[in-house]
A.B. asks: 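Can you read through this structure? Questions will come right after.
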Amino acid sequence: MGSLNDPERKRSSDRRSTTWRPVALVLIVVVAWWHISRVHTRPILERPSLETETPFTWAELNPEPTLQYEPCFDGYQCARLDVPMDYHRADGLGRRVAVAIIRLPAKVPVTNPRYGGAVLINPGGPGGSGVFQALVAGRGLQTIVDAESDPGHNTTETARYYDIIGFDPRGVNNTTPGFSCFPNTFAQRNWELQAEADGMLGSTRDSLMRNWQRTRALNVGCARSLSTPPEVGAEALGEHINTPPVARDMLEIVERHGEWREQQGRTEQQRIDQLHGYDSAQSIVQRTRWHRGGEKLRYWGRSYGTVLGATFASMFPDRIERMVLDGVVDTDKYYLDEGHNAIVDADAIFDRFTEYCDRAGPDKCPLYTPGGRDAIATAYRRLEAQLYHASVAVPSSTTRGPEVVTWTDLKIVLRISLYQPMIGFPLLAQLASDLLHRGDGSALADFKHRARTPSCPTAECLRTGPWSAECQAPGQNELYVSSAILCTDALYMQDRDELAFAESWAAMQRDSAMLGDYWSSIELGCAGWDVRPRWILPGPCSGNTSHPLLLVSMRLDPVTPMRSARIMSSKFPGSVVLEQDSEGHTTAAAPSLCTTSFIRHYFQTGELPPPGSTCAGDLKPMLGPAHVETLFPAEKTWDALESGLLGRQLPL
Ligand SMILES: *[C@@H]1O[C@H](CO)[C@@H](O)[C@H](O)[C@H]1NC(C)=O
Ligand SMILES: *[C@@H]1O[C@H](CO)[C@@H](O)[C@H](O)[C@H]1NC(C)=O
Ligand SMILES: *[C@@H]1O[C@H](CO)[C@@H](O)[C@H](O)[C@H]1NC(C)=O
């Protein structure tokens with residue numbers, strides 16, 4: 001990420017010249033946004049961490065009932081928090097979960113009066129890694145929630161500086177115990193390649209049969225192993241992986257943070273007392289005191305992270321200091337299947353694609369077709385129909401073997417473009433034009449190829465045999481943990497038979513021609529998953545929170561439509577919906593100085609935007625001002641794609 005990596009440096013040089021300020025601010029937001037959006041472009045294979053010189057591994061930390069941070073990665077601190085797998089178990093025994101926690105320290109010490117506390121984050125998924133999010137986007141998020149300018153440059157007493165804390169939810173990445181649905185990564189890759197070749201729901205006449213049988217084969221075995229305890233009487237992970245226990249884990253993190261803060265305060269007070277004589281007011285101790293049983297949450301969750309946030313807010317409404325829900329999910333729809341489909345606005349985003357393509361012209365939009373938006377839409381649809389009937393052969397190249405590009409591949413690129421129009425619209429225009437105008441699928445083949453990862457079983461794994469711990473690697477089961485969480489949250493998805501599913505699929509296709517098949521295939525992912533969670537949220541998500549929530553959604557979001565935000569706002573008295581006039585999924589999809597200032601103001605002062613506020617987006621896909629080229633040079637964009645846009649398949 002090179003020089004794009006340093007919003008702070010840009011910012012301090014900007015201060016020299018006031019005339020540059022508006023442009024500079026936009027730059028800051030764009031740069032911060034670029035950091036943040038990276039979490040939605042996650043590498044499928046974590047090459048950087050394999051090459052890193054820091055020899056940190058989570059296994060070297062002992063799970064503890066208190067937060068015991070150790071330095072990790074570059075400038076972060078890590079801890080593993082020991083919590084019960086089943087909070088309701090009366091005897092206090094039973095299996096434990098070790099929650100992986102990573103802290104990006106605030107820009108002031110914890111004992112400083114301007115220390116604002118910790119902001120917990122969640123990237124969505126379900127199944128996304130908060131540790132990964134903190135590593136790639138933490139600094140960008142911190143820039144937004146922190147007071148304007150660094151502590152050294154801001155002398156305002158009321159300025160606040162925050163820790164950013166990411167954690168891996170149960171079953172996810174570095175939190176243990178983990179699980180896998182496959183005996184080793186080789187078997188997993190094999191399965192995934194076959195599934196890709198078999199094609200997505202909608203790709204052929206018999207696609208439902210194919211996907212139904214495939215999903216059952218996967219889920220029956222995987223769900224059985226997740227609902228079977230390792231020994232009689234012990235807890236089964238699959239029954240304790242749904243959202244309510246994770247919300248309870250968040251409360252535990254918040255309490256333990258208070259305890260840890262108090263400890264830091266005591267140590268610092270002693271040091272100061274020794275240096276300057278006993279302070280009878282014990283002001284540091286006072287300031288950092290642990291409010292046992294009353295510590296409050298500060299939180300910023302995206303997409304599925306808004307389900308987690310709203311769940312927390314209805315379980316512990318008096319424990320909220322700040323909560324930003326970004327890309328708001330309608331929880332009644334999510335948990336109970338009540339209300340409109342999530343994808344109702346997806347086709348309108350495709351309409352924007354044709355509009356921007358038309359305005360951008362042939363130089364910036366390769367799919368440009370004379371005759372206006374309708375002509376562009378028709379061209380795209382013609383390509384979809386062609387690929388449905390005939391895949392395109394792509395001979396081998398110097399970097400990869402032969403490929404066939406299919407209808408499914410095009411639909412995946414379309415999905416990426418609806419979620420992330422800034423990067424995805426130009427990509428869709430290029431790849432679709434190659435295919436339509438030249439019958440050339442090589443760029444799409446390269447794109448597929450880049451998302452692939454080698455998967456040879458290690459020598460250790462070969463020795464210890466299938467299903468052994470040596471054959472598993474953390475972070476490989478992202479898609480499957482996503483189902484494990486979704487299917488135990490949304491029990492109706494498990495309960496549908498093939499006929500009921502077919503009906504729901506048809507309704508989904510009516511709601512969105514562009515995204516209906518994809519979204520239905522996510523729901524199909526719960527077929528054959530037969531696990532009942534132990535802790536179910538009683539009643540719908542709602543609550544009178546100790547501080548009002550800030551809800552932010554895009555005007556057009558493919559899977560968390562604006563209307564969901566309004567529904568959720570009606571359930572949390574005092575909350576306000578901020579609308580950003582952009583397209584894409586969550587505010588990570590498009591930068592807006594206005595949105596980030598409202599979010600900062602909320603974290604700094606607690607004040608919400610006036611009801612009905614709308615923010616403009618600072619950039620539009622394919623129409624950006626010239627300087628966007630320098631911010632997103634071709635190789636940066638390609639880098640983002642290479643690092644696996646295709647790899648990020650988490651729905652929410
Ligand atoms: C310092 O922080 C406060 C509180 O967030 C903010 O109002 C003020 O604008 C900041 N001052 C500077 C110079 O950035
Ligand atoms: C899991 O966490 C590690 C850091 O421990 C990170 O490098 C990796 O990218 C994460 N994996 C996923 C799939 O998020
Ligand atoms: C919030 O409190 C008000 C007044 O006490 C009450 O009428 C309302 O039902 C409560 N709402 C929720 C969602 O709990």
Side-chain angles (χ1 to χ4, degrees), residues 8 11-12 14-15 18 21 24-25 28 38-52 54-61 70-74 76-80 98-104 107-108 113-116 121-138 142-162 166-169 171-176 178 180 185 188 451 453 472-482 596-607 643-644 647-650:
E8 291 312 314
R11 175 183 288 201
S12 45
D14 293 337
R15 229 184 339 267
T18 44
R21 201 166 162 80
L25 283 174
I28 290 164
R38 296 275 305 194
V39 79
H40 282 262
T41 63
R42 69 182 49 234
I44 193 163
L45 173 67
E46 306 303 341
R47 263 158 300 189
S49 69
L50 293 179
E51 288 163 9
T52 182
T54 330
F56 173 79
T57 62
W58 288 90
E60 75 201 35
L61 300 179
E70 296 290 338
C72 59
F73 304 99
D74 196 7
Y76 289 80
Q77 297 176 345
C78 293
R80 293 172 74 201
V99 181
I101 295 174
I102 187 166
R103 169 177 181 256
L104 174 64
K107 289 177 189 145
V108 297
R114 297 195 297 172
Y115 173 68
I121 57 174
N122 180 279
S129 163
V131 168
F132 177 75
Q133 183 191 19
L135 285 171
V136 298
Q142 191 179 54
T143 304
I144 294 173
V145 298
D146 271 0
E148 215 181 323
S149 57
D150 274 355
H153 293 111
N154 192 325
T155 50
T156 319
E157 268 177 39
T158 54
R160 288 289 172 270
Y161 298 91
Y162 294 99
F167 64 97
D168 288 341
V172 175
N173 204 5
N174 307 295
T175 286
T176 56
S180 175
T185 47
Q188 178 173 337
T453 55
Q472 314 298 342
Q476 297 286 315
N477 69 337
E478 208 179 26
L479 283 179
Y480 312 98
V481 73
S482 187
T596 51
S597 335
F598 274 127
I599 293 176
R600 168 177 295 149
H601 190 71
Y602 175 72
F603 275 102
Q604 290 292 311
T605 67
E607 285 167 25
S643 65
R648 200 198 122 84
Q649 295 167 352
L650 296 180

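Order of appearance sets the numbers: ligands from 1, and atoms from 1 within every ligand. Side-chain atoms are counted along with the backbone in the values below, which use heavy atoms only and exclude waters and symmetry mates. In this chain, numbering begins with 1 at the start of the sequence shown.
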A.B. asks: Check ligand 1 against Ala159 and write out every atom of the ligand that is under 4.0 Å from a heavy-atom position of the residue.
C.D. replies: 2 (O), 4 (C)
A.B. asks: Rounded at 0.5 Å granularity, tell me how far OG1 in Thr156 sits from NE2 in His153.
C.D. replies: 13.0 Å
A.B. asks: Mark yes or no for whether Arg114, through its side chain, and Val108, through its backbone, hold a donor-acceptor pair below 3.5 Å.
C.D. replies: no
A.B. asks: Can you classify the ring geometry of Trp58 versus Phe73 as parallel (below 30°), tilted (30 to 60°) or perpendicular (above 60°)?
C.D. replies: tilted
A.B. asks: Could you give the distance from CD (Glu70) to CZ (Arg103), rounded to the nearest 0.5 Å?
C.D. replies: 13.0 Å
A.B. asks: What protein heavy atom lies closest to atom 11 (N) of ligand 1? Include the residue and the distance to one decimal.
C.D. replies: Asn154 ND2, 2.9 Å
A.B. asks: Ignoring hydrogens and angles, tell me if any N or O in the side chain of Asn174 forms a donor-acceptor pair with the backbone of Pro474 under 3.5 Å.
C.D. replies: no
A.B. asks: Answer side chain, backbone, both or neither: which part of Gln604 comes under 4.0 Å from ligand 1, heavy atoms only.
C.D. replies: side chain
A.B. asks: Could you tell me whether a side-chain N or O of Asp146 sits under 3.5 Å from a main-chain N or O of Tyr162, the two making a donor and an acceptor?
C.D. replies: yes
A.B. asks: Provide the number and element of each atom of ligand 2 under 4.0 Å from a heavy atom of Phe73.
C.D. replies: 4 (C), 5 (O)
A.B. asks: Just need the protein heavy atom nearest to atom 9 (O) of ligand 1, so name the residue and atom and give the distance.
C.D. replies: Glu148 OE1, 4.1 Å
A.B. asks: Do any nitrogen or oxygen atoms of Asp168 come within less than 3.5 Å of a nitrogen or oxygen of ligand 2?
C.D. replies: no
A.B. asks: Check contact between Phe56 and ligand 2, using heavy atoms of the residue and a distance below 4.0 angstrom.
C.D. replies: no
A.B. asks: Measuring from atom 2 (O) of ligand 2, which candidate in Val131, Thr175, Asn173 has the nearest non-hydrogen atom?
C.D. replies: Asn173
A.B. asks: Is there any N or O on Ser149 that sits under 3.5 Å from an N or O of ligand 1?
C.D. replies: yes
A.B. asks: Do the side chain of Thr175 and the main chain of Asp168 share a donor and acceptor less than 3.5 angstrom apart?
C.D. replies: yes
A.B. asks: Out of all atoms in ligand 2, which are within 4.0 Å of some heavy atom of Ser129? Include the element for each.
C.D. replies: 14 (O)
A.B. asks: Check whether any protein heavy atom sits under 4.0 Å from atom 7 (O) of ligand 1.
C.D. replies: no
A.B. asks: Just to be sure I read this right, does ligand 2 sit under 4.0 Å from the backbone of Asn174, its side chain, both, or neither, counting only heavy atoms?
C.D. replies: side chain
A.B. asks: Taking Gln188 for the side chain and Gln476 for the main chain, is one N or O donor matched with an acceptor at less than 3.5 Å?
C.D. replies: yes
A.B. asks: What atoms in ligand 1 come closer than 4.0 Å to a heavy atom of Ala147?
C.D. replies: 2 (O), 5 (O)
A.B. asks: Check this for me - ligand 1, His153, N or O atoms closer than 3.5 angstrom, yes or no?
C.D. replies: no
A.B. asks: Report, in ascending order of atom number, the atoms of ligand 2 lying under 4.0 Å from any heavy atom of Trp58.
C.D. replies: 5 (O)
A.B. asks: If only atom types and distance count, is the side chain of Arg160 paired as donor or acceptor with the main-chain N or O of Thr605 below 3.5 Å?
C.D. replies: no
A.B. asks: If you measure from CG on Leu135 to SG on Cys72, what distance do you get to the nearest 0.5 Å?
C.D. replies: 7.5 Å
